[in-house]
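In what follows, chains carry the letters A, B, and so on, assigned in the order in which the sequence lines appear, proteins first and then strands, with residues in each chain numbered from 1.
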There are 2 protein chains.
Amino acid sequence: MGEGNTYLCKACACSSVSVFKSLSNEEHELLSSKLKCNFYKKGDILYREGSRITGCYCVQKGVLKIYKTGIDEKPQIVAFARPGDITGYRSVLSNEVACTTVEALEDSEICFIPSEIIFALIKKNSDFALSLIQLTCKELNQANSYIKDIAQKTVKERLAETLIMLYETFNVDAEGYITINLTREDLSSIVGTATESVIRILSELKSEGLLELKGKKIKILDLKKMKLISDSIF
Amino acid sequence: MGEGNTYLCKACACSSVSVFKSLSNEEHELLSSKLKCNFYKKGDILYREGSRITGCYCVQKGVLKIYKTGIDEKPQIVAFARPGDITGYRSVLSNEVACTTVEALEDSEICFIPSEIIFALIKKNSDFALSLIQLTCKELNQANSYIKDIAQKTVKERLAETLIMLYETFNVDAEGYITINLTREDLSSIVGTATESVIRILSELKSEGLLELKGKKIKILDLKKMKLISDSIF
DNA sequence: CGGAACTTTGACACGTCTCAAATGCCGTGG
DNA sequence: CCACGGCATTTGAGACGTGTCAAAGTTCCG
């Protein structure tokens, strides 16, 4: 729960990336002057499902996992947030309690943007409003696709799909391993399966020569075949 | 594929319900003057996944099913649209090809709203923009919830959940049967399972005294118990 | 009235989950 | 620095849910 020092953040990633690109100079000023950055340690919770939040969060540095809590407290990861991404805007804009829990996967640096600013910008700048709409539309479409996949694909196909998504979202380190530190349990919370199934299928994919495993680290050896599996083409 | 007569629609449901409630009188005028209504027969396709659409659709009368096409052309229903609902706005706003196919479940009357109007209204009226954002946020949250459910619940639990959703969305007729005509296959395309499983579990729920079945028609006898099942509490 | 589409039932195979136990890894505190 | 305890990972065995295929029955609609 620690949140370290708060400092004013003049020119953080938030103002240069993502939905804020349509802001005028003046509006950027307004935004920057109101931002507060915080440090979060790995495992810290930014906010919990059901709590009321008073602004949204823009990732400067680090990675967040965003999940809903299901049966028996089992989490279902619905998204990640990387530098440049914002989260919490849904609850802010709909003026409802948070519908997900957000947790830092690594030590992170996060800007807080008070609700008023968001609303003011929407009122002032219709391009910004449009950007926000397009952002939510894109996420909505991804969510619908995932519903289709999770309903129709096998666990192996979904795991392949998830690994490809992680590969494309987080890139790889010098050795070719995907640059994100997820436990097997985290993986199962994305794929929507049991942890043991993830483990078994990972080693199956390894024995088929498609993956290399080193502890938690995963390297995709044959992206093409992985895509075939993910697309149920075998 | 028939689309019947087109007529100008001065004061249709679209202008009184849903996201358009924040429009000024003047804007209502503008909107109404540009609307074109069409009739669609049961089974008609409004547009297909992958096609480019030039406006969005507002349901006056009837019901639409909205689905994505998956493995082996198997459809996955992601939403319905009833009178007052609009569809297609996602693709319009993101300026992308349609990400779903939309089909009339009954004979329907649908207004077409050209893209320009939508964009003009967003530019002019920030409250309208905000309404649109809130609409997409709500749908996004529902989609995320459904991801969690489909990943964690059994078919029986999801079927119960689906029936409750249909009950709450479409109400019941004089005899208490849910007012929507879905085939067992449609049901399986919502729940994300095989048609035979739907059939088996429906009759299981019937034999448990929770449902009454008359052809395609379904009556919920014990809503409370259905909710318990849906919530995995037995 | 006839044919097509939809529904139902049964048998069977397979994927996936659960539970249990063994092993490995890592950080904490002595 | 090492030993300990706890947590994550791995493996196995068995049960159960669900999907598939096939065939018969039913309903719907032209």
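Per the geometry, CG belonging to A/Leu205 stands 13 Å off P belonging to D/dT10, to the nearest Å. If you measure from atom NZ of A/Lys41 to atom P of C/dG27, you get 13 Å, rounded to the nearest angstrom. Distance, B/Lys214 NZ to D/dT26 P: 18 Å, rounded to whole Å. Atom CD1 of B/Ile199 is separated from atom P of D/dA24 by 17 Å (rounded to the nearest Å). C/dC26 atom P lies 13 Å from atom NZ of A/Lys217, rounded to whole Å. Separating the CG atom of B/Leu213 from the P atom of C/dT8 is a distance of 7 Å, rounded to the nearest angstrom. As rounded to whole Å, 15 Å separates atom C1' of D/dG17 from atom CG of B/Leu159.
Considering A/Ile113, A/Ile53, A/Val19, A/Thr136 in turn, A/Thr136 is the only one that fulfils the side-chain contact (heavy atoms from CB on, under 4.5 Å) rule with A/Tyr89.
Summarising the geometry, atom NZ belonging to B/Lys156 is positioned 9.5 Å from atom CG belonging to B/Leu159; distances are rounded to the nearest 0.5 Å. With values rounded to the nearest 0.5 angstrom, B/Thr162 atom OG1 is found 9.0 Å from B/Met226 atom CE. Here the straight-line distance linking atom NZ of B/Lys42 with atom CG of B/Asp107 works out to 8.5 Å at 0.5 Å rounding. A distance of 8.5 Å separates OG in B/Ser188 from CD1 in B/Ile199, rounded to the nearest 0.5 Å. Of the inter-residue distances, the one linking B/Asn144 atom CG with A/Ile77 atom CD1 reads 12.5 Å to the nearest 0.5 angstrom.
For the pair A/Leu205/A/Ile229, a side-chain contact is recorded, criterion being any heavy-atom separation below 4.5 Å from C-beta on. Inter-residue side-chain proximity for B/Val102 and B/Tyr40 is flagged as unmet; no heavy-atom pair is nearer than 4.5 Å.
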Find every protein N or O atom lying less than 3.5 Å from an N or O atom of nucleotides 28-30 of chain D, and list the pairs.
none

Could you go through nucleotides 12-22 of chain C and list every protein N or O atom that sits under 3.5 Å from one of its N or O atoms, giving the distance for each pair?
residue, atom, partner, partner atom, Å
C/dT16, OP1, A/Val155, N, 2.8
C/dC17, OP1, A/Thr193, OG1, 3.1
C/dC17, OP2, A/Thr193, OG1, 2.4
C/dC17, OP2, A/Ala194, N, 3.4
C/dC17, OP2, A/Ser197, OG, 2.6
C/dT18, O4, A/Arg200, NH2, 3.1
C/dC19, N4, A/Glu196, OE2, 3.0

Tabulate protein N/O versus nucleotide N/O from nucleotides 14-16 of chain D, keeping only pairs under 3.5 Å, one per line.
none

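Contacts between residues 181-189 of chain B and DNA chain C, defined by a heavy-atom separation under 4.0 Å, are made by B/Thr183, B/Arg184, B/Glu185.
Counting non-hydrogen atoms of neighbouring residues, nucleotides and ligands closer than 6.0 angstrom, the NZ atom of A/Lys206 reaches no more than 12 such neighbours. Other residues, nucleotides and ligands contribute at most 12 non-hydrogen atoms within 6.0 Å of the CD atom of B/Glu185. At most 12 non-hydrogen atoms from other residues, nucleotides or ligands lie less than 6.0 angstrom from NZ of A/Lys225. Sparse packing is recorded around OH of B/Tyr167, with 12 or fewer heavy atoms of other residues, nucleotides or ligands lying under 6.0 Å away. The environment of NZ in B/Lys74 is crowded: more than 12 heavy-atom neighbours from other residues, nucleotides or ligands sit within 6.0 Å. In this structure, B/Lys219 places its NZ atom where more than 12 heavy-atom neighbours from other residues, nucleotides or ligands lie under 6.0 Å away.
B/Tyr146 pairs by the ring-ring contact (aromatic ring centres under 6.0 Å, His included) definition with nothing, not counting sequence neighbours.
Taken over five-pair windows at either terminus, the axes of the helix from C/dC1-D/dG30 to C/dG30-D/dC1 are inclined to one another by 50° (rounded to 10 degrees).
We find that A/Lys214 and A/Glu175 are joined by a salt bridge, their nearest charged nitrogen and carboxylate oxygen being less than 4.0 Å apart.
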